[in-house]
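Taking it in order: structure first as structure tokens, then the write-up.
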Amino acid sequence: MIRAVPHVAAMAPYPLADVTGFGTTSLAQNESAFPTSPAALSAGREALERAPLYPDPDWCELRAAIAGVHGLDPARVLCGAGSMELIGSLIRAFAGPGDQVLGTEFGYLFVASAAAQARATHVRATEVDLTVSADRVLEAVTNKTRLVFVCNPGNPTGTRVPNAELIRLRENLPADLLLVIDQAYGEFDGDDPSAIFDLVERGDTVVLRTFSKAYGLAGARVGWGLFPEPIGGEVRKLLNPNNVTGVSQAMAAAAIRDQAHMQAVVARTALIRDRFADDLRAAGLGVPKSHTNFVLIRFADPATARAADAALRAAGILMRGMGGYGLPECLRATVGPEEVIDRALAVLRGDRLEA
Ligand SMILES: *Cc1c(COP(=O)(O)O)cnc(C)c1O
């Protein structure tokens with residue numbers, strides 16, 4: 001029988017989230033707890049009528065909507081089937097055998113997978129107090145480093161570094177090394193993003209965003225990024241033509257134009273999140289301050305985390321185990337609807353549950 005090429009045969013499959021069973025509520029994938037913008041839903045329904053046609057391969061309406069909201073040049077925006085597609089294409093474009101892709105200790109696991117696909121080596125800079133450290137990243141750079149991935153705010157930690165630190169990081173990295181700032185949770189982060197978008201003008205920095213979290217469109221698979229001109233041109237060669245469906249483009253364009261809906265989602269998520277985090281801390285658990293739509297919950301040890309996970313599952317609630325991130329004593333919980341969070345809290349406090 002035919003065998004896969006050696007680097008694929010050697011790869012572990014990307015760890016997918018558990019499939020949610022009947023009657024189970026997933027807090028495992030950081031999806032929005034709230035319904036998608038009604039404007040996005042009706043734009044999607046209308047776009048369904050155009051299903052016989054290929055979508056706009058150049059994402060013109062979507063790019064214009066993104067650029068309009070953020071004050072960007074639409075020519076610098078590329079769209080992907082989720083930002084994962086953009087991460088994969090960036091790595092394939094700029095790293096190959098013998099090259100290093102540098103992430104951080106608790107950085108996004110998919111970056112390691114994408115590096116393996118490109119036969120590049122994934123290395124990690126340590127973090128300090130579950131937070132990205134610009135100095136540790138700078139210390140980890142070698143003459144083989146081609147790309148540096150920093151997720152801010154971070155997943156699965158929820159922590160953030162100030163924009164000024166990312167600017168300092170960029171200024172101290174070698175100019176021929178590409179910095180990729182993954183802002184999948186950027187909408188939840190109060191800081192003005194323009195200083196980060198401005199870094200792209202330097203020609204050596206890419207900023208990635210997604211519709212999967214604050215915009216409530218994880219199922220539509222739309223991500224976008226701001227790319228310097230020659231970098232974007234190379235990445236575009238590796239994207240599948242017609243990568244984002246017409247329905248998804250229409251939904252995403254309408255969703256980003258409905259800033260009021262997104263801001264309401266972010267505000268309500270933050271209220272539930274901060275109360276949940278306070279209550280967890282009051283129950284003796286460790287919770288770093290989150291700037292996202294999830295919290296990282298630290299138990300006394302891995303066995304206690306596993307027992308909590310089992311009790312939550314028995315109560316119909318699925319969180320995400322963090323063993324794959326080297327944090328086996330932690331569970332990550334998406335901020336879900338208030339009623340689900342209250343039930344999760346009751347389980348974690350060991351309250352008696354009603355049958
Ligand atoms: C959710 C997430 C993404 C977004 O992935 P999509 O492919 O756009 O759904 C990217 N990076 C991080 C760190 C994430 O948590």
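Indexing begins at 1, ligand by ligand and atom by atom, following the structure's order.
- The existence of a salt bridge linking Lys213 and Glu31 is excluded, since no basic side-chain nitrogen approaches an acidic carboxylate oxygen closer than 4.0 Å.
- Under a 4.0 Å N-O distance rule, the pair Arg160/Asp191 qualifies as a salt bridge.
- One side chain, Asn30 or Tyr185, offers a donor N or O that lies under 3.5 Å from an acceptor on the other.
- Within 4.0 Å of ligand 1, counting heavy atoms only, the contacting residues are Gly82, Ser83, Met84, Tyr108, Cys151, Asn155, Asp182, Ala184, Tyr185, Thr210, Ser212, Lys213, Arg221.
- A salt bridge links Glu338 with Arg275: the distance from a Lys NZ or Arg NE/NH1/NH2 to an Asp or Glu carboxylate oxygen falls below 4.0 Å.
- Salt bridge Asp99/Arg146: present, at least one basic N to carboxylate O contact under 4.0 Å.
- Ion pairing of Glu329 with Arg298 is present here, as a side-chain N (NZ or NE/NH1/NH2) and a carboxylate O approach within less than 4.0 Å.
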